[in-house]
Structures are given as structure tokens and as C-alpha cells.
Amino acid sequence: MDSTLTDHHPHSRITLALMPIPAKALVTCIIMVLAIGMLGALGQIVVHDIIPTFFSQAGNDDTASQARDRHAGMDHSAPDTSKLDRGDLFADLSTVEKKTVKPFYQQEQFVWTLKWTHIHLFGMSMIFIFVGAITIWLDVGLALRTWLVVLPFIGVMVDILAMWLKAFVSPAFFWLHVPGGGLFAGIFAYVSLRAIWEMWLKPKH
């Protein structure tokens, strides 16, 4: 095995289980707050995106128009997508030919997607900076800890790429949100549960 992926002194390093109670309490509070935020994001996706897209009646004008209004940067001069039988996941995407004299970088879709990207990138990156810090102290192998630190950031980048591709290439790229979001959500769940177990539930030898 590559020596860079193994701990030279695996039994001498501090792990979550060996941390003092105040440190464990801090880590637990961080996990709880981030978990509530992740659940809120999941609830928003279900109520705001999945239900209107796949379970509401097709062609619901009110749902589609309200979805467009909720997104900052999208004005009422944008092409009307409410009659294209798409739900909210596709509400911001124009599937008709755009005829505009504006440069590409001034188009409403580009401005909104750019705004969404930097907000999403900063927010999700901060979450996984905290999660990565917790991951470093897990009592697992170095290789696994390294992947657990890196993979969530890859998932975030895939999630952002999906937004750009579905906006400017094809709405079918929406499905890239599944592996992207699933990757960072799954690792967040694993790291959180593993950390709680190591700090409070793991039998002491």
C-alpha cells in the first residue's frame, strides 16, 4: 500500500473518542446544526422542486409562474415556460429559441445561474470544510479519511455543473443532481453518524 495513504503512528494520534468533553460537545453541536440545515434543504427540494415537477398536474400555470417569481434575477420578460408541461425543476429553463440582442453574459438566465453558483459554492463549501475537519479526527484509515474529505467537494462541483448544463444544454442534465447531491449527502450522513458513535457510544477498551 502507498505509504502516503497509511498512518505512520495510527495508535498515537488523537481521535474523536479521546477528545475532552467540551470538544465533543462542540463537534456534536456542529453536526446537529448542519444536519438541520441539510434536512431543510432536502425539504425545500421535495416541496419546491420534486413535487411540482413530477406530481402536480402538467401545465399548471399558477405553479410555474410562482416558481419563476421566486427566483431572484428572473424578470417577467423571460420566455413563458408555464405551458411547456414542466414542473418547478425546469421552471427557469427556456426550451424555446432565444432571440435577443443582449450579449450572452447579460441574459437573465446567465445572470441568475451565476448568482446561484457563487452562493451555492460558498455555502456548501463551508459546510464540508467543517465536515472535513471532523473527518480528520475519525478513527478510520488514512485513505478512507482522505476520500471522505475530497468526495463531498466533487459532489458539489457535479451539482453545480448540472445546473449549468440543464440551463444551457438540455433539461435532461437535471439528473446529474442525483449523483452530485447524493454523494455529498451520503458522506455527510456517514461522517456525522460515525462521529457521534465514536464520541458517545463506542465501547471503551
Side-chain angles (χ1 to χ4, degrees), residues 1-51 70-73 88-89 112-164 176-205:
M1 182 180 293
D2 188 346
S3 60
T4 61
L5 296 180
T6 58
D7 284 322
H8 297 290
H9 304 286
H11 300 294
S12 62
R13 72 181 189 88
I14 298 177
T15 61
L16 292 173
L18 299 177
M19 286 185 173
I21 296 298
K24 292 181 179 180
L26 175 61
V27 171
T28 302
C29 290
I30 291 173
I31 290 174
M32 291 177 61
V33 170
L34 293 181
I36 293 172
M38 294 287 279
L39 289 175
L42 177 61
Q44 181 182 7
I45 292 171
V46 172
V47 175
H48 182 270
D49 295 327
I50 294 177
I51 292 177
R70 279 195 295 265
H71 295 292
D88 194 49
L89 283 169
W112 182 87
T113 307
L114 191 62
K115 181 187 296 184
W116 181 91
T117 297
H118 86 265
I119 294 174
H120 189 73
L121 185 59
F122 285 142
M124 296 303 293
S125 294
M126 286 304 301
I127 289 175
F128 289 106
I129 287 172
F130 285 114
V131 174
I134 295 172
T135 302
I136 291 172
W137 304 106
L138 290 179
D139 189 16
V140 296
L142 180 61
L144 178 57
R145 280 181 283 135
T146 302
W147 282 111
L148 291 175
V149 168
V150 172
L151 287 177
F153 292 96
I154 295 177
V156 171
M157 297 306 296
V158 171
D159 197 50
I160 291 174
L161 178 63
M163 178 61 73
W164 284 90
L176 277 179
H177 286 300
V178 176
L183 185 60
F184 62 70
I187 291 178
F188 173 81
Y190 172 81
V191 171
S192 299
L193 294 175
R194 174 83 192 195
I196 296 295
W197 177 76
E198 287 188 15
M199 290 187 295
W200 306 109
L201 303 175
K202 184 178 181 179
K204 299 183 185 301
H205 298 294

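Both backbone and side-chain heavy atoms feed into the values below; hydrogens, waters and symmetry mates do not.
The heavy-atom pair separating I14 from W137 by the smallest distance is O-CE3, 3.1 Å. A195 and I31 get closest at one heavy-atom pair: CB-CD1, 3.8 Å. Heavy atoms only, all atoms of each residue included: D139 and R13 are closest at CA-NH2, 3.7 Å. Contact detail for V149 and G132: the closest heavy-atom pair is CG2-O, 4.0 Å. Here the closest heavy-atom approach between residue I134 and residue V191 is recorded as CG2-CG1, 4.2 Å. Taking every heavy atom of both residues into account, I129 and F153 meet most closely at N-CZ, 4.0 Å.
Side chain of H120 to backbone of T117: no donor-acceptor contact under 3.5 angstrom is found. The backbone N or O of T135 sits nowhere less than 3.5 Å from a side-chain atom of R145 that would complete a donor-acceptor pair.
Considering only residues two or more places apart in sequence or on other chains, W197 meets the ring pair (Phe, Tyr, Trp, His ring centres under 6.0 Å) condition with none of them.
Counting heavy atoms from C-beta on, the side chains of K202 and L16 never come closer than 4.5 Å. Here the side chains of F128 and I187 are not in contact, with every heavy-atom distance at 4.5 Å or above. A 4.5 Å side-chain heavy-atom check between F122 and M126 finds every atom pair outside the cut-off.
Of the listed residues (L151, V131, I154, D159), just one forms a side-chain contact (heavy atoms from CB on, under 4.5 Å) with F184, and that residue is D159.
For residues 178-200, the salt bridge (Lys or Arg N to Asp or Glu O under 4.0 Å) pairs, not counting sequence neighbours, are R194-E198.
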Distance-only criterion, 3.5 Å: show the donor-acceptor pairs between side-chain atoms of residues 19-26 and protein atoms not counting sequence neighbours.
unit_1: K24; atom_1: NZ; unit_2: A17; atom_2: O; d: 3.1
unit_1: K24; atom_1: NZ; unit_2: M199; atom_2: O; d: 3.3

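Expressed to the nearest 0.5 Å, how far CG of L148 lies from CD1 of I136 amounts to 11.0 Å. Rounding to the nearest 0.5 Å places OG of S125 at 12.0 Å from CZ of F130. Distance CG/L193 to CZ/F188: 9.0 Å, rounded to 0.5 Å. For the atom pair L138 CG and L144 CG, the distance stands at 8.0 Å (nearest 0.5 Å). With rounding to the nearest 0.5 angstrom, the CG atom of L176 is 11.5 Å from the CE atom of M163. Rounding to the nearest 0.5 Å places CH2 of W164 at 10.0 Å from CH2 of W116.
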